[in-house]
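Just so you know, residue 1 is the first one in the sequence shown, and it goes up from there. Keep in mind that the numbers below use all heavy atoms, side chains included, and drop hydrogens, waters and symmetry copies.
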Amino acid sequence: MTCFGTYEARERRSKVALFQRPSPALKEVLLNLHRAEKPMNIDHHLCEIGSVRYHIESSASDPQQIHLSMSIPSLSQGLVISKPGDRYIILKVKKICPGAVDILDSAKAGYQLTVEVNLAQIPQGKGGVKIITAIASIQSTLLTSQLKEVVCRFKPQDALQGTYRPIKIDYHPREPFFVILKPHKTNVVFPMRFREPSDVAIAVSFFQELVDVGSSAALAKAPPCTWSPIPPPELRGQPAEDLSTNGGFVSFDILPHHISNKQLDKTLWNLLNFNAYVKSHVKCTRGFIQRLMRKRSDHLVKVLHGTGLEISNHIEKAPGRRWTKKFARLLRLKNFKRRCNDISRMITRFHYRIKIRGFSHFQHRWCAVPKFSCARYTKLE
């Protein structure tokens, strides 16, 4: 098994993997193979958020042929996973680059799709990077094809009975959302959960602002958005663990023009990643608030320890509040030691004798203390 990229690169990929269609890890592996000067044997496994798995195989005897297998979990119970022969998937793959990408009839065991990539048909430069980026986006096509089957399979008999059964979609672990099919629109409901109370406050403020902005005239074509602290009536009868939230419920009304041929892929991909986008927004907002608070506390420390500013102006100060506290504590300790030394010197000076030349000889000769005998005496009665 071969690994590509450093720790920093993997961290950078993990931050953007939630929103980008192409898989950053898969894209990096394919680019390294395309730019490799020496042939190598590759047997590489990848796993991403949402239980998406990849298997990349390449032989040193034929380095231009790569077999890429993908495994996509089912988004909903009872939903049939799209097969490689589906017309929607075939059209999307053929648009990438004719002759460079081909779907194999039989997928590798344990995977839903196996694609053969011919690196010799992929040009160098920006054109090759664009094609490899499209190859790394095939997994998003498989995911959106499943959600497309859910959104576009409305049954008229459900409308006649007056019941609209919610369909549970499990894309992110422990963060499901519900799709409710209706005759003229599709409701998508997201139960929002957060760990920290501060995250709940930030998220609720964001949802309220999203509702206000979404109802403006400038965004009249966007899906209408609503937020409620309690579940909507359509979710009655669902398990309690799916409805126990601390961030409320966000609902979007998907109209027919939102899932037209041009807007279908974009709309479905945004719905799949709405939870991840909210979590990322909350995390960035919390970090921004913490930076402002740290900056404010640093300013207050400088004001409280203004005497240390005159000395610290000539010293190169390292960033951070911890260094400022240590410097202020060290400055107070030095001042205290200096004052203690001054007081000790004054006290010691009082005990010194006044020295006069020749006075010691005069003292021994004329100021001698007489000696008394220590003979025994008799007590008088």
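If you chain together ILVMFWY residues whose side-chain heavy atoms come under 4.5 Å of each other, Leu255 ends up in a group of its own. Think of Leu292 as one node in a network of Ile, Leu, Val, Met, Phe, Trp and Tyr side chains linked at under 4.5 Å; its network also takes in Phe288.
Judged as a side-chain hydrogen bond (donor to acceptor under 3.5 Å, both in side chains), not a single pair has a partner in residues 244-259 (not counting sequence neighbours).
Atom CD1 of Ile180 sits about 10.0 Å away from atom NZ of Lys185, to the nearest 0.5 Å. Taken from CG in Leu143 to CD1 in Ile72, the straight-line distance is 5.0 Å, to the nearest 0.5 Å. The OH atom of Tyr111 sits 7.0 Å away from atom OG of Ser71, with the distance rounded to the nearest 0.5 Å. With rounding to the nearest 0.5 Å, the separation of CD in Gln121 from CG in Asp102 is 11.5 Å.
Smallest separation of non-hydrogen atoms from Arg193 and Lys279: O-CE, 3.2 Å. Of all heavy-atom pairs spanning Leu46 and His44, the tightest one is CD2-NE2, 3.3 Å. Of all non-hydrogen atoms in Ile122 and Asn118, the two that sit nearest each other are CG1-O, 3.7 Å. Between Leu243 and Pro231, the shortest heavy-atom distance links the atoms CD2-CB, 4.4 Å. Nearest approach of Cys97 to Ile131, heavy atoms of both residues: SG-CD1, 3.8 Å. The shortest heavy-atom contact between Gly127 and Pro123 is C-CG, 4.3 Å.
Using a distance-only test at 3.5 Å, with no hydrogens or angles considered, no donor-acceptor pair links the side chain of Ser216 to the main chain of Asp212. A donor-acceptor pair under 3.5 Å links the side-chain atoms of Asn41 to the main chain of Ala60, judged by distance alone. Not one N or O on the side chain of Arg21 forms a donor-acceptor pair closer than 3.5 Å with the backbone of Trp269. Ser205 places no side-chain N or O within donor-acceptor distance of the main-chain N or O of Ala201, the cut-off being under 3.5 Å.
The closest side-chain heavy-atom distance from Phe178 to Pro191 is below 4.5 Å. No side-chain heavy atom of Leu181 sits less than 4.5 Å from a side-chain heavy atom of Arg165. Looking at Gln139 and Tyr54, their side chains come closer than 4.5 Å, going by heavy atoms from C-beta outward. You'll find the side chain of Leu272 stays beyond 4.5 Å of the side chain of Ser140, heavy atoms only. With contacts defined as side-chain heavy-atom distances shorter than 4.5 Å, the pair Lys108/His55 qualifies. Looking at Leu271 and Ile169, their side chains never come closer than 4.5 Å, going by heavy atoms from C-beta outward. Residues Cys225 and Val250 are in side-chain contact: their nearest non-hydrogen atoms beyond the backbone lie under 4.5 Å apart. Residues Asp265 and Thr141 have side chains not in contact (no heavy-atom distance under 4.5 Å, counting atoms from C-beta outward).
Both Tyr277 and Leu268 belong to a common hydrophobic cluster when Ile, Leu, Val, Met, Phe, Trp and Tyr are linked at side-chain heavy-atom distances under 4.5 angstrom. With hydrophobic clusters built from ILVMFWY side chains whose heavy atoms lie under 4.5 angstrom apart, Met40 shares a cluster with Ile132. Under the 4.5 Å side-chain heavy-atom criterion for ILVMFWY residues, a single connected hydrophobic cluster contains both Ile289 and Val204.
Looking at residues two or more places apart in sequence or on another chain, you find a side chain to side chain contact (heavy atoms under 4.5 Å, CB included) between Asp62 and Gln64, Gln65. By the side chain to side chain contact (heavy atoms under 4.5 Å, CB included) test, Val282 pairs with Phe194, Asp199, Ile202, Ala203, Val278, Arg286, sequence neighbours left out. For His299, the side chain to side chain contact (heavy atoms under 4.5 Å, CB included) test picks out Arg296, Val303, with sequence neighbours left out.
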#### Entry: Step-by-step side chain to side chain contact (heavy atoms under 4.5 Å, CB included) determination, Ile135 to Leu68
CA-CA 10 Å; Ile135 296 174; Leu68 173 61; 4.0 Å; yes
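The side chain to side chain contact (heavy atoms under 4.5 Å, CB included) with Phe190 is formed by just one residue from the set Phe249, Trp227, Phe252, Phe207; it is Phe252. If you run side chain to side chain contact (heavy atoms under 4.5 Å, CB included) between Pro223 and each of Asn270, Ile254, Thr267, only Ile254 comes through.
Centroid-to-centroid, the aromatic rings of Phe274 and Phe177 stay 6.0 Å apart or farther.
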